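Note that the structure is predicted; figures quoted are calculated from it, not measured.
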Amino acid sequence: MTKNIKIAILLLSIFSFQKNEAQVWTPDNGDGTYTNPIIHADYSDPDAVRVGDDFYMTASSFNCIPGLPILHSKDLVNWKIVSYALSKQPPFETYNKVQHGNGVWAPSITFHNNEFYIYYPDPDFGIYMIKAKKAEGPWSEPLLVKAGIGLIDPSPLWDDDGKAYLAHAFAGSRAQIKSLLVVCSMNTEGTIANNDEVMVIDGHDGEGTIEGPKFYKRNNYYYIFAPAGGVPTGWQTILRSKNVFGPYEKKKVLEQGSTKINGPHQGAWVQTQTGEDWFVHFQDKGAYGRIVHLQPMKWEKDWPVMGQDFDKNGIGEPVTTFKKPNVGKKYPIENPAESDEFNEPKLGLQWQWQANSQINWGFPTSLGYLNLFCMTTIKDSKRIFDAPNLLLQKFPAEEFSATAKLTFNTRLNGESTGLIIMGLDYSYLCFKNDNGKLYLNQKTGTFNKTVSETETKPILISSNTIYLKVKVKKGGICSFFYSLDDKNYQPIGNDFTSIEGKWIGAKMGLFALSEKVTNDSGNVAVDWFRVTK
């Protein structure tokens with residue numbers, strides 16, 4: 001191979017990574033069909049809306065900030081992240097600290113009166129509303145439209161006469177009631193949800209854990225699409241009535257049946273420009289989170305029919321491969337970003353912190369790298385689970401590799417950086433300053449009521465620039481490696497089986513920590529973070 005060809009291949013590789021293209025999961029088969037899931041990443045409780053020729057999706061984000069991701073698609077199969085609606089989560093004094101499992105639960109996104117509206121619940125404070133002229137933002141500051149403990153899963157409806165309503169559910173962990181849905185009225189601006197709730201279904205009779213309502217109107221029927229039966233095991237139930245407050249009749253329209261797609265429920269009905277109907281929903285896949293599927297849908301006798309009835313029992317089941325939605329045109333393959341070269345002075349949209357970000361955690365630069373500072377955000381290194389300054393992204397596929405190039409400019413004994421896999425159990429490669437020398441080892445732990453952690457024998461590293469890699473295999477099994485030249489990778493530590501976090505999938509990413517407060521912290525320059533097959 002000539003020198004010029006080698007250079008061309010290298011430049012092509014760099015250009016591909018600079019575009020931050022997805023490398024590891026593509027649902028578009030390129031032949032007019034797609035294969036589920038359309039996003040093999042943790043976008044739980046998805047809701048979607050079409051505006052003109054564009055589709056937009058949002059999802060739960062819990063304590064991950066920025067929150068309320070906004071994804072865009074032209075064909076319901078190819079998606080990319082375009083923004084976040086929530087740059088910081090209120091109340092700030094609460095969410096400046098890590099709040100695993102709290103924060104933004106199942107949201108809804110609606111387009112009304114030429115504006116986007118997102119209603120989202122915080123189960124500890126109430127139901128908030130934000131809005132924007134463009135989905136990319138800027139979004140308004142969150143407005144608390146209905147205060148209350150345990151109010152979750154809001155979905156608005158503006159009726160033909162201009163009146164506004166809100167359907168929502170209850171979190172039993174806070175409200176001490178669950179498995180029921182209510183509808184209340186709102187002012188026409190959608191800024192105040194009134195205390196005139198009417199219960200429209202008690203799910204204890206055959207629809208246990210009914211929640212996540214999505215409110216629609218069609219052919220003079222009011223519809224509430226709602227999942228029941230629990231996150232990993234449930235089904236999709238439809239309620240309909242000619243009166244907004246009921247009584248509602250019900251029908252089960254989507255279940256696992258003979259397929260391998262467990263708990264197919266909670267999502268959004270969307271209609272293409274050509275009049276086709278589709279249902280976007282999630283599947284709980286453990287460490288991989290709640291991944292996103294797309295089902296064909298049609299109407300029969302004013303009831304939605306979802307998926308395909310493979311076992312002929314009158315209830316739809318999820319499809320695996322199907323013809324793509326007809327949106328009038330063909331669009332190029334596109335997937336949510338994974339790799340980041342850090343060549344632009346802004347973070348890629350795949351990254352989230354574990355709490356509201358603080359200015360001293362780190363900066364993107366115009367110098368071709370991300371700069372993270374070693375901060376004393378936790379007193380005990382074994383409490384890394386509670387470090388707000390973990391910079392993380394979702395698992396993007398069932399199998400993949402993630403590699404980071406780090407240059408550690410340490411100043412104090414006890415400073416550390418590395419590559420981490422985070423869930424309710426965690427494992428990470430710790431690159432640490434120990435009395436002026438740099439050592440690398442693997443630390444693995446679990447969080448119950450107490451913290452338990454094991455670590456491998458530290459290895460002395462001769463350079464402050466290091467390449468850290470994790471390979472993830474089916475089942476979320478992670479193997480770790482390191483290199484000093486990005487060519488010869490050595491295994492380190494033991495295989496680790498990742499598990500989900502609190503209501504979210506496992507995540508991967510970076511950290512920079514210190515054991516001591518100083519007026520000039522060490523830092524790590526992250527040259528790139530690459531996700532490959």
Side-chain angles (χ1 to χ4, degrees), residues 63-66 87-100 102-103 342 345 347 351-365 367 369-392 404-422 426-445 447 450-455 458-461 463-466 468 507-527 529:
N63 60 292
C64 303
I65 295 296
S87 59
K88 284 200 171 186
Q89 190 162 186
F92 299 149
E93 62 272 16
T94 298
Y95 291 104
N96 287 345
K97 298 179 182 178
V98 181
Q99 303 286 338
H100 290 289
N102 300 335
F342 303 115
L347 275 174
W351 297 107
Q352 294 172 294
W353 303 98
Q354 285 209 121
N356 288 332
S357 64
Q358 305 302 316
I359 194 170
N360 61 344
W361 290 355
F363 304 104
T365 73
L367 306 173
Y369 63 87
L370 168 69
N371 197 71
L372 298 177
F373 294 102
C374 298
M375 290 286 105
T376 52
T377 56
I378 50 174
K379 294 181 181 179
D380 180 354
S381 64
K382 294 182 180 181
R383 300 298 311 184
I384 196 168
F385 185 71
D386 293 323
N389 58 327
L390 302 186
L391 185 62
L392 306 173
K405 180 184 179 182
L406 311 177
T407 298
F408 191 19
N409 304 303
T410 178
R411 288 185 168 85
L412 284 178
N413 183 47
E415 290 180 331
S416 61
T417 185
L419 174 66
I420 188 166
I421 300 293
M422 176 57 66
Y426 66 89
S427 189
Y428 64 98
L429 295 184
C430 180
F431 194 32
K432 187 174 183 177
N433 177 350
D434 188 351
N435 293 314
K437 295 183 178 180
L438 297 178
Y439 292 88
L440 181 72
N441 71 343
Q442 179 196 32
K443 295 187 177 183
T444 300
F447 290 89
T450 59
V451 182
S452 61
E453 186 176 271
T454 60
E455 60 179 296
I459 301 169
L460 181 64
I461 301 296
S463 171
N464 71 327
T465 295
I466 195 168
L468 303 179
K507 302 186 81 171
M508 60 178 174
L510 307 162
F511 67 91
L513 296 171
S514 179
E515 297 172 355
K516 298 178 182 179
V517 176
T518 180
N519 66 353
D520 191 13
S521 298
N523 73 281
V524 56
V526 187
D527 194 349
F529 187 97

Problem set entry | Side chains of Asn102 and Asn63 in contact at under 4.5 Å (non-hydrogen atoms) | no

Exercise. Between Tyr369 and Asn371, what is the shortest heavy-atom contact and its length?
Worked result: CE1-OD1, 3.7 Å

Exercise. Can you check whether Tyr426 and Phe447 have ring centres sitting under 6.0 Å from each other?
Worked result: yes

For this session: Search all heavy atoms of Leu370 against all heavy atoms of Phe363 and return the closest pair with its distance.
Result: CD1-O, 3.5 Å

Exercise. What's the spacing between Leu412 CG and Lys516 NZ if we round to 0.5 Å?
Worked result: 6.5 Å

For this session: Test Phe511 against Tyr428 for ring-ring contact (aromatic ring centres under 6.0 Å, His included), laying out the working first.
Result: CA-CA 10 Å; Phe511 67 91; Tyr428 64 98; 5.1 Å; yes

Exercise. Quick one: does Asn356's side chain have a donor or acceptor within less than 3.5 Å of a partner on Gln89's backbone?
Worked result: yes

Exercise. With a 4.0 Å cut-off, would you call Glu453 and Arg383 a salt bridge?
Worked result: no

For this session: Please test Asn409 against Asn464 for side chain to side chain contact (heavy atoms under 4.5 Å, CB included), starting from the C-alpha separation and ending with a verdict.
Result: CA-CA 7 Å; Asn409 304 303; Asn464 71 327; 3.6 Å; yes

Exercise. Sub-3.5 Å donor-acceptor pair from the side chain of Gln99 to the main-chain atoms of Thr94, do we have one?
Worked result: yes

Seminar exercise, completed: Separation between CG (Leu513) and CD (Glu415), nearest 0.5 Å, reads 10.0 Å

For this session: Check for a donor-acceptor pair, side chain of Gln352 on one end and backbone N or O of Pro66 on the other, with a separation under 3.5 Å.
Result: yes

Exercise. Any luck finding a side-chain donor-acceptor pair between Ser427 and Gln442 under 3.5 Å?
Worked result: yes

Problem set entry | Asn441 side chain to Leu429 backbone, donor-acceptor under 3.5 Å | no

Problem set entry | NZ (Lys88) with more than 12 external heavy atoms under 6.0 Å | yes

For this session: Establish, yes or no, whether a centroid distance under 6.0 Å links the rings of Phe408 and Phe431.
Result: yes

Exercise. With no hydrogens and no angle check, is any side-chain donor or acceptor of Asn433 less than 3.5 Å from a backbone partner on Gly436?
Worked result: yes

For this session: For the residue pair Thr377 and Asn389, confirm or rule out a side-chain donor-acceptor distance under 3.5 Å.
Result: yes

Exercise. Does the side chain of Asn523 reach to within under 4.5 Å of the side chain of Arg411, using non-hydrogen atoms?
Worked result: yes

Problem set entry | Any side-chain heavy-atom pair of Thr465 and Lys405 under 4.5 Å | yes

For this session: Provide the closest heavy-atom pair for Ala355 versus Trp361 in the form atom of the first, atom of the second, distance.
Result: O-CZ3, 4.2 Å

Seminar exercise, completed: Output for pair (Asn413 CG, Asn435 CG), nearest 0.5 Å, gives 4.5 Å

Exercise. Is there a donor-acceptor contact under 3.5 Å from the side chain of Gln354 to the main chain of Val98?
Worked result: no

Exercise. Taking all atoms of both residues into account, what is the closest heavy-atom pair of Ser514 and Cys374, and its distance?
Worked result: CB-O, 3.6 Å

Seminar exercise, completed: Here the gap from Lys507 atom NZ to Ile421 atom CD1, rounded to the nearest 0.5 Å, amounts to 12.0 Å

Exercise. Taking all atoms of both residues into account, what is the closest heavy-atom pair of Glu515 and Thr376, and its distance?
Worked result: C-CG2, 4.0 Å

For this session: For residues Asp527 and Thr407, determine if any side-chain heavy atom of one lies less than 4.5 Å from a side-chain heavy atom of the other.
Result: no

Exercise. Is any side-chain heavy atom of His100 less than 4.5 Å from a side-chain heavy atom of Asp386?
Worked result: yes

Exercise. Taking side chain as C-beta onward, heavy atoms only, is Ile420 less than 4.5 Å from Leu392?
Worked result: yes

Exercise. Looking only at heavy atoms, which two atoms of Ser416 and Cys430 are closest? And how far apart?
Worked result: CB-SG, 3.8 Å

Problem set entry | Exam field: side chain Tyr95 to backbone Gly103, donor-acceptor pair closer than 3.5 Å | yes

For this session: Check the pair Met375 / Asn360 against side chain to side chain contact (heavy atoms under 4.5 Å, CB included), numbers first and verdict last.
Result: CA-CA 8 Å; Met375 290 286 105; Asn360 61 344; 3.3 Å; yes

For this session: Could you check if a side-chain atom of Leu391 sits within less than 4.5 angstrom of a side-chain atom of Trp353, using non-hydrogen atoms only?
Result: yes

For this session: Begin from the C-alpha positions of Leu438 and Leu460 and carry the test side chain to side chain contact (heavy atoms under 4.5 Å, CB included) through to its verdict.
Result: CA-CA 6 Å; Leu438 297 178; Leu460 181 64; 5.9 Å; no

Problem set entry | Leu510 vs Val526 side-chain heavy atoms within contact, under 4.5 Å | yes

